[in-house]
Amino acid sequence: MLQIAVIREKREEVIKALAKRNFDATAIVDSVIALDEKRRATQVELDNILAESNKLSKDIGAMMKAGEKAKAEILKEKTTQLREKGKELTESVNVTAEELILELYKLPNTPADIVPQGKDADDNINVFEEGEIPVLHEGALPHWDLIKKYDIIDFELGTKITAPGFPVYKGKGAKLQRALISYFLDKNTDAGYQEVQVPHLVNEASAYGTGQLPDKEGQMYHDAKDDLYLIPTAEVPVTNIYRDVILQENELPVTVTGYTPCFRREAGSWGAHVRGLNRLHQFDKVEIVRIEHPDNSHEALNGMVEHIKEIMRELKLPFRVLRLCGGDMGFASALTYDFEVFSTAQDRWLEISSVSNFETFQANRLKLRFKGKDGKTQLAHTLNGSSLALPRVLAGILENYQTPEGIVIPEVLRKYTGFDIIN
């Protein structure tokens with residue numbers, strides 16, 4: 001959530017920055033400023049009434065001690081009127097504050113200066129590319145045919161048990177999935193991230209805290225009876241560990257990693273480009289989350305990008321890194337880099353990770369702060385990244401590592417799988 005003081009003091013800059021997202025914020029920004037002025041003016045009036053009421057109470061006490069009961073009764077009537085007015089003003093402040101929050105929730109984060117202008121994915125900038133695209137043998141197959149050939153993932157069985165988009169991993173497919181999770185977690189913990197296991201459902205406050213609500217309400221599975229949401233990413237419960245927390249500056253950075261299944265309704269088309277593992281309602285992902293001092297967060301983001309590059313190099317998969325344009329960034333992000341793996345059998349790039357700096361946007365919602373060496377409290381910066389989302393990594397391995405004899409397991413995973421080929 002954008003800070004009210006920033007909106008009030010830098011109105012034009014905020015509107016201009018959000019225009020980079022192709023988002024016309026003028027009406028909402030002006031509504032926020034008007035509601036904030038109304039709330040503050042009403043609060044001042046309320047504070048004055050409370051101060052006057054407190055003064056009269058002291059005067060009444062003095063008059064009663066002096067035996068001036070008649071005068072005291074007159075002042076008592078006045079304090080009753082002030083209390084009634086105070087109740088009205090308190091209600092007005094609360095209503096206005098709620099309206100103000102609802103307006104603030106509509107505003108996405110302002111993009112960082114280096115975010116390029118653009119409407120959609122076609123305007124993203126390729127900032128890095130590495131790895132040779134393998135030349136596959138004649139008759140090579142896309143992963144949705146490979147999984148049937150080797151009987152390692154069963155989409156029909158998942159549909160029978162649940163619905164489309166909920167696959168069942170079998171045999172060596174299940175072991176390869178588990179191997180990837182273990183490998184990703186080990187890489188992250190070796191890099192200094194503390195591993196946590198978190199709930200897979202969150203309450204409304206947690207979903208609002210990281211910006212999933214109200215922006216992505218339609219994409220989340222919701223249990224109406226208990227008012228809980230299935231998580232779309234481990235980012236939500238992991239970051240909310242620090243909701244309403246004030247850290248000490250020497251506790252920064254906080255670095256956490258966690259594995260969870262993720263659940264997304266993923267409304268939209270289901271054509272050939274989203275076959276197989278390309279789009280799922282339930283999938284596994286390993287996440288990294290950082291809480292940083294504002295002075296260090298962009299350097300930390302670069303470090304996260306380098307960390308994921310190292311993972312891709314060890315998997316020996318061709319990949320590229322994109323800096324997302326304003327029109328393609330997530331609602332809460334100030335700067336995002338996407339990783340994509342090249343799917344040789346599909347002859348296209350598949351997104352496998354997003355690494356983002358949210359700056360103070362999430363922290364303002366979460367009330368996540370730190371106390372500096374000067375004793376002053378300020379908002380921290382939050383960051384997160386997939387390291388990695390499994391379905392498309394798995395698709396890339398199956399397609400790029402296929403041979404006429406079977407699917408070769410990347411060398412770095414063999415100590416986790418216990419086998420070196422799927423055949």
Side-chain angles (χ1 to χ4, degrees), residues 114 116 120-136 140 142-144 146 176-177 179-188 190-191 193 233 257 259 262 273-280 283-288 300-325 328-330 333 335-357 383-403 407-414 416:
I114 65 170
D120 52 35
D122 291 336
D123 296 317
N124 295 335
I125 297 177
N126 186 347
V127 296
F128 186 86
E129 191 169 324
E130 186 175 296
E132 291 187 12
I133 296 172
V135 178
L136 299 181
H143 72 269
W144 52 80
L146 290 168
L176 179 54
Q177 182 86 339
L180 282 165
I181 293 167
S182 297
Y183 165 64
F184 293 153
L185 286 171
D186 284 351
K187 285 295 294 183
N188 295 343
D190 288 348
Y193 290 86
T233 167
T257 186
Y259 152 72
C262 304
H273 65 292
V274 290
R275 289 182 66 183
L277 296 168
N278 289 349
R279 178 183 287 178
L280 299 173
F283 60 95
D284 292 321
K285 184 152 68 83
V286 176
E287 197 82 359
I288 50 177
L301 180 67
N302 293 335
M304 294 168 74
V305 169
E306 293 303 316
H307 174 67
I308 296 169
K309 283 182 184 178
E310 183 180 346
I311 293 175
M312 295 303 296
R313 288 177 181 131
E314 290 190 357
L315 289 173
K316 296 181 180 177
L317 290 170
F319 71 96
R320 68 181 184 180
V321 184
L322 305 177
R323 184 186 299 142
L324 298 195
C325 70
D328 199 34
M329 283 203 313
S333 175
L335 175 61
T336 294
Y337 291 97
D338 270 7
F339 278 73
E340 296 183 337
V341 64
F342 191 78
S343 168
T344 307
Q346 298 178 68
D347 192 30
R348 68 190 190 93
W349 293 96
L350 302 174
E351 180 194 335
I352 55 170
S353 174
S354 281
V355 190
S356 300
N357 187 350
L383 305 89
N384 86 275
S386 313
S387 69
L388 290 161
L390 272 75
R392 292 173 182 173
V393 172
L394 185 56
I397 290 172
L398 296 177
E399 295 181 0
N400 291 333
Y401 275 86
Q402 64 178 302
T403 70
I407 300 164
V408 177
I409 301 301
E411 187 175 352
V412 73
L413 297 178
R414 293 175 190 174
Y416 296 99

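Sequential numbering from 1 along the given sequence is applied to the chain's residues. All values derive from a computational prediction rather than experimental measurement.
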Min side-chain heavy-atom separation Leu301-Tyr337 under 4.5 Å: yes

Any Gln346 side-chain heavy atom under 4.5 Å of Arg275 side chain: no

Donor-acceptor contact below 3.5 Å, side chain Asn126 vs main chain Leu322: no

Test side-chain hydrogen bond (donor to acceptor under 3.5 Å, both in side chains) applied to Arg313 - qualifying residues, sequence neighbours left out: Glu130

Inter-residue atom distance Ile133.CD1 - Trp349.CH2, 0.5 Å rounding: 5.5 Å

Taking every non-hydrogen atom, the tightest pair across Trp144 and Gly276: CB-CA, 4.1 Å

Nearest heavy-atom neighbours spanning Gln402 and Leu136: NE2-CD1, 3.7 Å

Side-chain heavy-atom pair Leu413, Leu315 within 4.5 angstrom cut-off: yes

Derivation and outcome, side-chain contact (heavy atoms from CB on, under 4.5 Å), residues Leu317 and Tyr401: CA-CA 9 Å; Leu317 290 170; Tyr401 275 86; 3.9 Å; yes

Set of salt bridge (Lys or Arg N to Asp or Glu O under 4.0 Å) partners for Glu351, sequence neighbours left out: none

Nearest heavy atoms of Ser356 and Thr336, plus distance in Å: OG-OG1, 2.7 Å

side-chain hydrogen bond (donor to acceptor under 3.5 Å, both in side chains) against Asp338, all qualifying residues, sequence neighbours excluded: Ser354

With sequence neighbours excluded, residues passing salt bridge (Lys or Arg N to Asp or Glu O under 4.0 Å) with Arg320: Glu340

Non-neighbouring partners of Asn302 that pass side-chain contact (heavy atoms from CB on, under 4.5 Å), sequence neighbours left out: none

Which residues share a side-chain contact (heavy atoms from CB on, under 4.5 Å) with Ser353, sequence neighbours left out: Ile308, Phe339, Val355, Ser386, Leu388

Residues forming a side-chain contact (heavy atoms from CB on, under 4.5 Å) with Asp347, sequence neighbours excluded: Phe342

Partners meeting ring pair (Phe, Tyr, Trp, His ring centres under 6.0 Å) with Phe128 (sequence neighbours left out): Phe319

Sub-4.5 Å side-chain heavy-atom contact between Arg348 and Asn278: yes

With sequence neighbours excluded, residues passing salt bridge (Lys or Arg N to Asp or Glu O under 4.0 Å) with Glu306: Lys309

Nearest-0.5 Å distance that lies between atom CG in Asn384 and atom OG1 in Thr233: 6.0 Å

Spatial distance of atom CG (Leu277) from atom CG (Leu350) [nearest 0.5 Å]: 10.0 Å

Gap between atom CZ of Arg392 and atom CD1 of Ile352 - 0.5 Å precision: 10.0 Å

Listed partners of Cys262 passing side-chain contact (heavy atoms from CB on, under 4.5 Å), at least two apart: Thr260, Phe283, Lys285

Results of salt bridge (Lys or Arg N to Asp or Glu O under 4.0 Å) for Glu129 - residues two or more places apart only: none

Approximate separation, where rounding is to 0.5 Å, of Gln177 CD and Leu394 CG: 6.0 Å

Leu176 side chain reached by Ile409 side chain, heavy atoms, under 4.5 Å: yes

Which residues share a side-chain hydrogen bond (donor to acceptor under 3.5 Å, both in side chains) with Asn188, sequence neighbours left out: Thr257, His307, Ser387

Full working for side-chain contact (heavy atoms from CB on, under 4.5 Å) between Ile397 and Leu180: CA-CA 11 Å; Ile397 290 172; Leu180 282 165; 4.0 Å; yes

Side chains of Pro318 and Glu132 in contact at under 4.5 Å (non-hydrogen atoms): no

Val286 vs Tyr183, side-chain contact (heavy atoms from CB on, under 4.5 Å): CA-CA, chis, key distance, verdict: CA-CA 10 Å; Val286 176; Tyr183 165 64; over 6 Å; no

Nearest-0.5 Å distance that lies between atom CG in Asn400 and atom CD1 in Ile407: 11.0 Å

